[in-house]
Amino acid sequence: MDNSFPLDNPSLSRRQLLNFLTGATVAATAGSALYVASKFFIAPPETTGEGGAILAKDILGHPIPAAQILAEPPGTRALIAGLAGEPTYLIVKEDNTLDPIGIVNNCTHLGCTFPWNPIDEQFQCPCHGSRYAADGTVVRGPAPLPLKIVQVAVIDNSILISPWTQTDPRTGEKPWWV
Ligand code: FES
């Protein structure tokens, strides 16, 4: 699957992210709705474990097998429906495992969603120009806070997403969302 995101066409980038999720044509109707931030994913969260863990799901509410994400090349940022349906990026590491930290796709300025720019290695918000480093820390405002993170665990072929409530490893402080 082509995982590159044309940088001069953010709409196409969003469609590609959706195609990743569905492998189909749902993307054609998505349009600018993705800018409506976290309400995009409407699949009801399903508690499956302690600490509020849920299964990572696609846009249709179907659990995504870990093997599907891990079939993508290292460096892939795969968008899934996470906690409370929040679109969340999972990161495929160089060793072909999933990063235990997921990045919530919800700009801390006014809540837009944003693509990953693999050339600049940044999340770049199209609404007002905020940029975030790969770990979700702010590189350029107006975003006032780092991106929310979640815990990611793989058990057998399932991906579990749970709230990040411990110290934020990027700031060494209590997370702003707790
Ligand atoms: Fe992202 Fe304003 S909502 S920069």
Side-chain angles (χ1 to χ4, degrees), residues 3-22 26-45 52 54 56-59 64 69 72 75-92 98-152 161-178:
N3 193 49
S4 62
F5 299 143
L7 304 181
D8 58 351
N9 189 339
S11 293
L12 183 56
S13 297
R14 293 194 301 277
R15 285 198 297 274
Q16 287 179 325
L17 287 170
L18 282 169
N19 282 336
F20 179 86
L21 289 168
T22 64
V26 171
T29 59
S32 59
L34 268 178
Y35 283 133
V36 188
S38 60
K39 302 305 179 192
F40 181 74
F41 291 113
I42 57 174
I54 63 158
K57 294 177 180 174
D58 64 19
I59 192 172
I64 302 177
I69 305 290
E72 299 299 319
T76 293
R77 267 66 180 176
L79 198 54
I80 59 96
L83 297 167
E86 284 185 314
T88 301
Y89 283 106
L90 304 183
I91 298 109
V92 180
L98 278 184
D99 195 308
I101 299 178
I103 305 278
V104 175
N105 187 354
N106 188 343
C107 183
T108 60
H109 180 221
L110 292 175
C112 285
T113 55
F114 44 79
W116 167 249
N117 182 325
I119 304 300
D120 293 341
E121 296 192 331
Q122 292 177 341
F123 297 104
Q124 298 180 343
C125 184
C127 290
H128 311 98
S130 290
R131 295 185 172 203
Y132 302 89
D135 67 354
T137 52
V138 177
V139 174
R140 187 176 86 187
L145 294 165
L147 295 169
K148 184 177 172 181
I149 57 176
V150 295
Q151 298 190 79
V152 179
I161 309 294
S162 55
W164 191 286
T165 56
Q166 62 269 49
T167 299
D168 185 331
R170 303 165 300 183
T171 63
E173 298 174 356
K174 181 181 176 183
W176 61 261
W177 57 88
V178 172

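Just so you know, ligand 1 is whichever comes first in the structure, and atom 1 is the first atom listed for that ligand. Computed over heavy atoms, backbone and side chain alike; hydrogens, waters and symmetry mates excluded.
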Under 2.8 Å from atom 2 (Fe) of ligand 1, the protein N, O or S atoms found are H109 ND1, H128 ND1

(Q) Using a 6.0 Å cut-off, check whether atom CD of E121 has over 12 heavy atoms from anything other than its own residue. (A) no

When rounded to the nearest 0.5 Å, the distance separating SG of C125 from CZ of R131 is 11.0 Å

*asked:* Does any part of the side chain of V104, heavy atoms only, come nearer than 4.5 Å to the side chain of L147, both counted from C-beta?
replied: no

Contacts of R170 meeting salt bridge (Lys or Arg N to Asp or Glu O under 4.0 Å) (sequence neighbours excluded), chain-then-number -> D168

Q) C112-C107 sulfur separation below 2.5 Å? A) no

So do L79 and W116 actually touch side chain to side chain, heavy atoms under 4.5 Å? no

